[in-house]
Every structure is written in structure tokens, then in C-alpha cells.
Amino acid sequence: MSHKRLIISLIIMVSASFITLLYGGREIYLKEPPIPKAYITKDNHILFTEDQIKNGQKAWQSIGGQELGSVWGHGSYVAPDWSADWLHKEAVALQEIYSQKNFKKSFNQLDDEKKEIINTKVKLELRRNTYDKETGLFTLSKERSDAIKIVYNDYYKLFSSDKSYQNLREKYAIQENILPSDLRREQLLSFFFWSAWSCVTERPGEKISYTNNWPHDPLVGNTPTTSAFIWSFVSILFLIGGIGALVWYYASHEQQENIEPPKINFLKSITITPSMKSTLKYFYIVVLLFLLQAVFGIITAHYGVEGQAFYGFPLADYLPYSLTRTWHNQLGIFWIATAWLATGLFIAPLISGFEPKYQKLGVDFLFYCLIVIVLGSFIGQWFTIQQKLGFSANFWFGHQGYQYVDLGRFWQIFLFIGLILWLILMIRAIIPIFKKVEETKSIIFLFLISCVAIALFYGAGFMWGQTTHYARVEYWRWWVVHLWVEGFFEIFATTVISFLSVKLNLITPKFATKSILFSTFIFLIGGILGTFHHLYFTGTPTVILALGSSFSALEVVPLSVVGFEAYSNYKSVKDKDWIKPFKWPIYFFIAVAFWNLVGAGVFGFFINPPIALYYMQGLNTTPVHGHSALFGVYGFLGLGLMFFCLKILFPNKIISEKLMSYIFWSLNIGLAAMVLISLLPVGLIQLFHSINTGFWYARSVEVMQTDLVNFFKWLRVFGDSLFFIGILLLVWSMKYFTIKKRKKIVTKI
């Protein structure tokens, strides 16, 4: 297929995909679970109001939101999923109430026939939708009202300083008296009730709940829907078809020409500009933030065993779980994005050979803005978790409560402005290349398009407010997390690797351009609409399940195509002098290809089909995919790009082969051990209980605090330690990359 046909096909496909994505968003807005004006009993007693629920969403954000337990399966994994946990406890309380009312006995004392009668009544009561659109009221029976009060009192004590719940708080990694305000506690529980109510209440005219019968809980009638099975089978067909198309394409298109040594040594042909030198401090920050992320990751993982302390020290009094997990996640985004953005700033003048006026000033200014954003957002989040901010101040300067976009709205806006500034710096440095005759011009154009998308699509994070409906927030949040991080950064990465591979004569410009266009086409055809696979059970209609399952199966990893092609050529030229200096950056790119296939591909598809995610959403199978894809792909890519730039900046600096080998293999083996001997076994144990008993049980203390699960948690020490050693060696390696200041020469007269 020619370049022109590929470009036209890409434009048509992207346009159609975004139209469909927006259509899906419209359906979510129209069919989201309602928030009634009030939940009332038949005698007009008010239990919860709309204002309480919306303020409860604010209270939830103030304790860390998705960083402390989860809602609708999205969030952290030590504390329960509050929706599933509340729902099951309410059902159990209702069981007991009906049993006493009908048979004057405890439910456990009943025979099987009577238990079945009670369970049927519980299902009917919980699933019945009595919402009146005209009045905005939802009517509850007295029995259900009494059951709600039992759960409410239980949760009220959990989120206080009640000593009888201290042991449970420790197992959930919840700090003591996490919500000192009685009012905030009441509001929080209103939001939790609503999230649980949405999971079981049937959509008008249908026999499925607002969350497509998620979470799995046979007691309340939540079992997989027919659609979940059908679209899972369809997704497998899409996967097989996509693989077949990919194989057919590469079998039928022409092979690239034989690689010959470059006429001019790549390193010797480069002129280092002031702005390129100025990016060095970005890479120092990359390594520092990476180190801090690992430190907070170790603390966060340890909280899974010792919820309020770190080897006996009461660390949670100062840095509770919800805060360390927030910082761990946020630092991952910060250091990886910094590595990529710095690479862009470094490569732009390298591509064009042109240094715009004041480019160095812009690079320096952007760097200090980054420092302010990191420190400012961290300080705001600490004050939020310590309950020292009001709701408005929390939203603007503290913690939004949504994983990967936790930082307050002010810092979010600041970061967006920084990305726009970065885009301006990129454009002004790259534009001159289009006035020249350059064989890589097509690659550079695609690179520039990806830069524009990176800067602008982060703006999707402004599409929600403090009390925006949770289903809408999740829709837009995944625009940022999936489309921004996993989508356009992926294209950016593909073009950068391809450009560098061309310069190193690993692949030809013609082959690189075709590979980028085809890889972009393949990735985005699944990647854009694949956004929906995060939204199967977040208050969305069945159409989201259908679209998400089908197209997420087509997220064939594009970096593997270029990565493995580069590797095959690297093997044939690795002994050449012109390629030896870039051995380790290329190895990091090869690691990206491997983890893309394993982490994003294998482990991603493992949880993507609707029937799989129905049981696995919110289990430790999710961080298996998260760690192996986020660091394995984007982290290794960031490090590879960093070392590539550093090698160009310091062509005469030679790092010990042993040191680089230890760094590379410690990080790779450490990551593999962390995933395979700890996270995956815990996830599979949970999966067994999720299928066999129910999702609430898979996340419960009864499962997560067993000796077997704790054994696998402790096994993580091996992988984490090896990984951390790799980071320490990485920090040590940075001593090779310093620019010595010239000594002033004083001339005596």
C-alpha cells in the first residue's frame, strides 16, 4: 500500500473512530445511572439526598478517592471495592431482616427451602427500580431502609477512630480517624450507597443493572449478562482476524533493502546546540523522580501487609497509604513524560539543524515550571489527605481523587500550559526542516502531528468538575489515560524510534515511513475505540461493551513491529563501529518491544474481553498488566531515549559494560519477578474466589489476609529489591554525564 493510500485510510479511520467515540460518550450521558433528588421510605422519611451524594463524592476525593479502595472496580487494591462491599453487606443485612420477619429465626438457622425464599425476596427488593423521573424520588421499603442503616453504622465506625474497628482499618491500610468531620463522613457514605445502588438496580425495561450486572454477586442476582459472553467471543474473532491481516500484510509487502554503513558517522555530524545541552537537567530529574517513585512504591506495597506502619514505625501518621500510592502513580507519569518531552526538545534542533532564538530560555523556563508543578501538587495532596483543606481548595490545589489525574485542577491547568509551551518550542525548532530536501520528512511530519496530539489531548482532563457524574468522569478520564498516554505518546514513541533507527541505518527511511503509517493505523483502529474496554461496567449501556470488546482486541502493539525489525537488522550490524556506541539504547528499545508484546499484549488481552474483566476488574490481575505495560513499555522507552540523548551529548563518555548490563537486566528481571511471582499469583487466587463466590469476597480481608496471599506478597521483596538495585545503579551511572564548567582564565597585566 502506498504512502498516499495509507495516509488517506488513516484520516478516514481516525475520523470515523472519534465520531464513534463521541457517540458512545453521548450514550453514556443519556443512560448513566440517575442521582435521585432523594431516597425516601414509604412513610416519606429521607435517607439520602442528591446534595449529600454529590458532597459525598467530594469527601471521597478528600481521602484519596481511587487511591483508597475502588468504586465500580477502578482504584487501589488493599481496601475493598466500596460499591461491591456495601452492596453485599446490605444484602446480608436484608437477608437477616426478612428471616426474622417471616420465620422468627436467624437466616443461618433456616433450611435450604426457606433460605431460597428469603434470597428470592432479597434479589427482588434490591433489583427493583422505583425511580420516578417526574419527582426525582426513589422509594425504599422499610426493610431495605433498616438494612441500609446497619451498613451505614458499620461504615461510619470504620471511617472514624472507633477502637473496635482499628484492626480492620489496619488491614485496609486506612489511617486512624481518616475523616474527623462527622458531616464529611455522612456525606461519604451517601456516595458509597449510591455507587452500590447503581450496581444492582435494573435499568428501566431491562433485566440488567446500570453497571451491566457488575460486580459478580449471586446473592443479589448479579451474574454475567448474555452480552458479556457474546462480545467476548466476538473480540476473540477480531483478534484472530487482526493477527491474520497483520501477517498477510507483512508477507505480501516488499522487504526493506540491505543496510549499508552510513557515509558519515551519525555522532560526528551532529552540532550540539545550547538548548540541547539544557535538556541535561531534565534527565537528572528523570532519574531522581524514578528513584522516588520506587521508594514510594516499596512503601505502598508494604502497606498491603502492615497497613499502618513500615516495619513497626507508624509511618501512616505522616504518609498514609492513599498518599504514598498517589505519589507513586503520579511520579511514574511525571518521570516518564519528562523523559519523553526532554527527548523531544533535544531531538527537535537535531532534526532540523536549527536553533531558534531564545530556545534555550524556553527549555529552561519549562524545566522550572515542571519542578513547581511536581512540588506544588505533592504539597497540596498531603494537605488534602490530612483533611486540612476545604472541598473547593482540595479540588483546585489538592487531590481530585482520580487515578493518574490526581493532581488538583490548578496544577492540571499549569501542566497543560506547560505542554502547550513545549509544543511551541517543538514546532519552532522543527518547521525549518520542511524547507529542505530531506528523506525523513514524512517521519518528521508524523512526529510533529503526535506532538500536537500530546499537547492538546491532555485537555480532555478539563471535561469534568468536582461533582460531575462519576460515569462521565470515567469516560473523560480514560481519554487522558488511554488516548493520551497509551495512544498519542505511543505514536510519538514509534516515530522517535523510527527516526533514530534510520539515522543509525537500522532501517531505511522508506520502510520506516511505511511502518509508522501502518503501525499507527493498526494501533489507532483498535486504540481509539479500545478506550471503551475500560468502561464496560462504569454505569454505561451495552453498546459500550460491544464496541470496547471488539476494537480493544485490535490493539496490536505497533512498537513491536519497528522494534523487532530494528533488532533483526541490529544483529547483522552490531559489530560495526558506527553502531557500537548505541548498543544499550537499542537494547532498551528491544526491551520495549518485548514488554509491549507481553505486558500490553498478552497480559492486556488476558483481562480485556468482557467476560474476563467481569470477574477481574479491580483484582491484582490489573496491576500485572499495569506494571508490565506502564514501566515495561513507557518506562524502558523513556530510559532508552534518555541514554540515546546522553550518548549524543557525551560521545566520548564510555560507561562500563558491566554497569549498563547490571542496570538493564536488574530492571528487566526485577520487573518480571515482581509480576510473575507476586502480583499474578495473588490475582489468580482472587480470580478463583471472584468466580466461585463473588467479587466482594475476592477483595475481602478473608482472602487478602490469608497466609497464602501474604506469602506471595512477601515474595515481591525479591523482585522489588532487584528492581531497586537497578535504579540505584542507574543513579550511579549519571555521574558519567556532567558538564564541567570552564575555569576562568585571569591574565595578569
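Bear in mind that the values here come from a model prediction, so they are computed numbers and not experimental data.
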If you define the side chain from C-beta out and look only at heavy atoms, does anything of [X] sit under 4.5 Å from [Y]?
X      : Y      : result
Met734 : Leu646 : yes
Tyr404 : Gln330 : no
Leu21  : Tyr475 : yes
Trp595 : Asn668 : yes
Phe378 : Trp382 : no
Leu291 : Leu728 : yes
Phe643 : Phe737 : yes
Phe290 : Ile336 : no

Checklist entry - Between Asn394 and Thr384, does a side-chain hydrogen bond (donor to acceptor under 3.5 Å, both in side chains) hold up when you go through it step by step? => result CA-CA 6 Å; Asn394 169 54; Thr384 294; 2.7 Å; yes
Are [X] and [Y] close enough that their ring centres sit under 6.0 Å apart?
X      : Y      : value
Phe631 : Phe723 : yes
Phe367 : Tyr282 : yes
Phe296 : Trp327 : yes
Phe18  : Phe457 : yes

Is it the case that over 12 heavy atoms from other parts of the model lie below 6.0 angstrom from the [atom1] atom of [X]?
X      : atom1 : result
Phe365 : CZ    : no
Tyr736 : OH    : yes
Phe383 : CZ    : no
Lys735 : NZ    : yes

Checklist entry - Between Ile655 and Lys647, is a side-chain contact (heavy atoms from CB on, under 4.5 Å) present by the stated rule, with each step listed? => result CA-CA 10 Å; Ile655 303 180; Lys647 189 60 193 175; over 6 Å; no
Next on the checklist: According to ring-ring contact (aromatic ring centres under 6.0 Å, His included), who are the partners of Phe334, at least two apart in sequence or on a separate chain?
Outcome noted: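 Result, ring-ring contact (aromatic ring centres under 6.0 Å, His included) vs Phe334: none returned.
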If I compare all heavy atoms of [X] with all of [Y], which pair ends up nearest, and what's the gap?
X      : Y      : answer
Gly401 : Asp406 : C-OD1, 4.0 Å
Ala429 : Gln359 : CB-NE2, 3.8 Å
Phe395 : Gln400 : CE1-OE1, 3.7 Å
Leu679 : Arg716 : CD2-NH1, 3.7 Å
Leu421 : Gly362 : CD2-O, 4.5 Å
Ser628 : Val624 : OG-O, 2.6 Å

Donor-acceptor pair, side chain of [X] and main chain of [Y], under 3.5 angstrom:
X      : Y      : value
Trp422 : Leu341 : yes
Trp411 : Phe397 : yes
Arg428 : Lys357 : yes
His625 : Gly599 : yes
Thr324 : Tyr321 : yes
Gln61  : Gln466 : yes
Thr343 : Ala339 : yes
Gln403 : Glu67  : no
His399 : Gln381 : no
Ser661 : Glu657 : no

Out of curiosity, [X] [atom1] to [Y] [atom2], how far, rounded to the nearest 0.5 Å?
X      : Y      : atom1 : atom2 : result
Leu366 : Ile420 : CG    : CD1   : 11.5 Å
Lys281 : Leu288 : NZ    : CG    : 15.0 Å
Trp464 : Trp476 : CH2   : CH2   : 10.0 Å
Leu671 : Leu722 : CG    : CG    : 10.5 Å
Ile454 : Met426 : CD1   : CE    : 8.5 Å
Ile444 : Ile449 : CD1   : CD1   : 13.0 Å

Checklist entry - With sequence neighbours excluded, what pairs up with Lys658 under the side-chain contact (heavy atoms from CB on, under 4.5 Å) test? => result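 Lys658 satisfies side-chain contact (heavy atoms from CB on, under 4.5 Å) with Ser656, Tyr662 only.
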Next on the checklist: I'd like to know whether Phe447 forms a side-chain contact (heavy atoms from CB on, under 4.5 Å) with Ile430, so could you lay out the CA-CA distance, the side-chain angles of the two residues, the decisive distance to 0.1 Å, and finally the verdict.
Outcome noted: CA-CA 10 Å; Phe447 172 71; Ile430 290 175; 3.4 Å; yes
Checklist entry - Should Phe594 and Phe636 be marked as a side-chain contact (heavy atoms from CB on, under 4.5 Å) after you check the CA-CA gap, both sets of side-chain angles, and the distance that decides it? => result CA-CA 10 Å; Phe594 172 80; Phe636 273 123; over 6 Å; no
Next on the checklist: Check this for me: does any side-chain nitrogen of one of Glu355 and Lys360 sit under 4.0 Å from a carboxylate oxygen of the other?
Outcome noted: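 Between Lys360 and Glu355 there is no salt bridge, as every charged N stays at least 4.0 Å from the carboxylate O atoms.
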Next on the checklist: ring-ring contact (aromatic ring centres under 6.0 Å, His included), that's the test. Do Phe346 and Phe644 meet it? Break it down for me.
Outcome noted: CA-CA 10 Å; Phe346 183 89; Phe644 205 105; 8.8 Å; no
Item to check | Verdict with reasoning, Leu407 to Thr326, per side-chain contact (heavy atoms from CB on, under 4.5 Å) | outcome: CA-CA 9 Å; Leu407 66 172; Thr326 297; over 6 Å; no
Checklist entry - Using the ring of each side chain (for Trp, its six-membered ring), is His534 parallel, tilted or perpendicular to Trp478, with breaks at 30° and 60°? => result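 Rings of His534 and Trp478: parallel, as their planes differ by under 30°.
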